[in-house]
Amino acid sequence: MSGGDIAGLVAAGVFLLLVLFLAVPILKLGKVLDEVRHSIKDLSDGAQPLMTEVTATVSTTNEQLKKVDGISNNVADATANLSALSSLVSATVGSPLIKVASFSYGVRSALSARKQGGSRPAGRRSR
């Protein structure tokens, strides 16, 4: 055996040790990646029913919101109708009530003036 053969054997032995030294972390990394793959699979299996439930909840919520929208439209219509009715009653009854109140005030003033002295106070005229 020559010096080159011995150097080749030493280099091959060092390369073998290097491969064995690097094989351990690579095997551990492979196990870690397998665990990660299993974890991701478990997460996706658990997420599927959750997504189905969320979809059903959102669908039910949308139906309820449509009902609430209809109710709020009906309330807005009722409010507009009550406002119109209030304006109508105010216009119909308000003016005659004011006239009746002013007439009754005039009658009371005339009666109280008649009781006090029989004539109107000086400086006042009727219209």
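FYI, the numbering just counts along the sequence from 1. Hydrogens, waters and symmetry mates are skipped; everything else that's a heavy atom, side chains included, is used.
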(request) Please name all residues satisfying side chain to side chain contact (heavy atoms under 4.5 Å, CB included) with Val10, sequence neighbours left out, ordered by chain then number. (result) Ile6, Val14
(message) Once rounded to the nearest 0.5 Å, what's the spacing between atom CZ of Phe15 and atom CG of Leu20?
(response) 10.5 Å
(request) Examine Phe103 and Leu111 and state if one hydrophobic cluster contains both, with Ile, Leu, Val, Met, Phe, Trp and Tyr joined whenever side-chain heavy atoms are less than 4.5 Å apart. (result) yes
Donor-acceptor pairs under 3.5 Å, side chain of residues 83-92 to any protein atom, not counting sequence neighbours: which ones?
from, atom 1, to, atom 2, distance (Å)
Ser87, OG, Ser83, O, 3.1
Thr92, OG1, Leu88, O, 2.7

(request) Can you run down the side-chain hydrogen bond (donor to acceptor under 3.5 Å, both in side chains) pairs that involve residues 62-78, sequence neighbours left out, and say none if there aren't any? (result) none
(message) With side-chain hydrogen bond (donor to acceptor under 3.5 Å, both in side chains) as the rule and sequence neighbours excluded, what pairs involving residues 31-46 come up?
(response) Lys41-Asp45
Side-chain donor-acceptor pairs of residues 46-58 under 3.5 Å, sequence neighbours excluded:
from, atom 1, to, atom 2, distance (Å)
Thr52, OG1, Gln48, O, 3.0
Thr55, OG1, Met51, O, 2.8
Thr57, OG1, Glu53, O, 2.9

(request) Check the hydrophobic clustering (I, L, V, M, F, W, Y; side-chain heavy atoms under 4.5 Å; chains of links allowed) and say if Val24 and Leu16 are grouped together. (result) no
(message) Can you list everything that forms a side chain to side chain contact (heavy atoms under 4.5 Å, CB included) with Val100? Sequence neighbours excluded, please.
(response) none
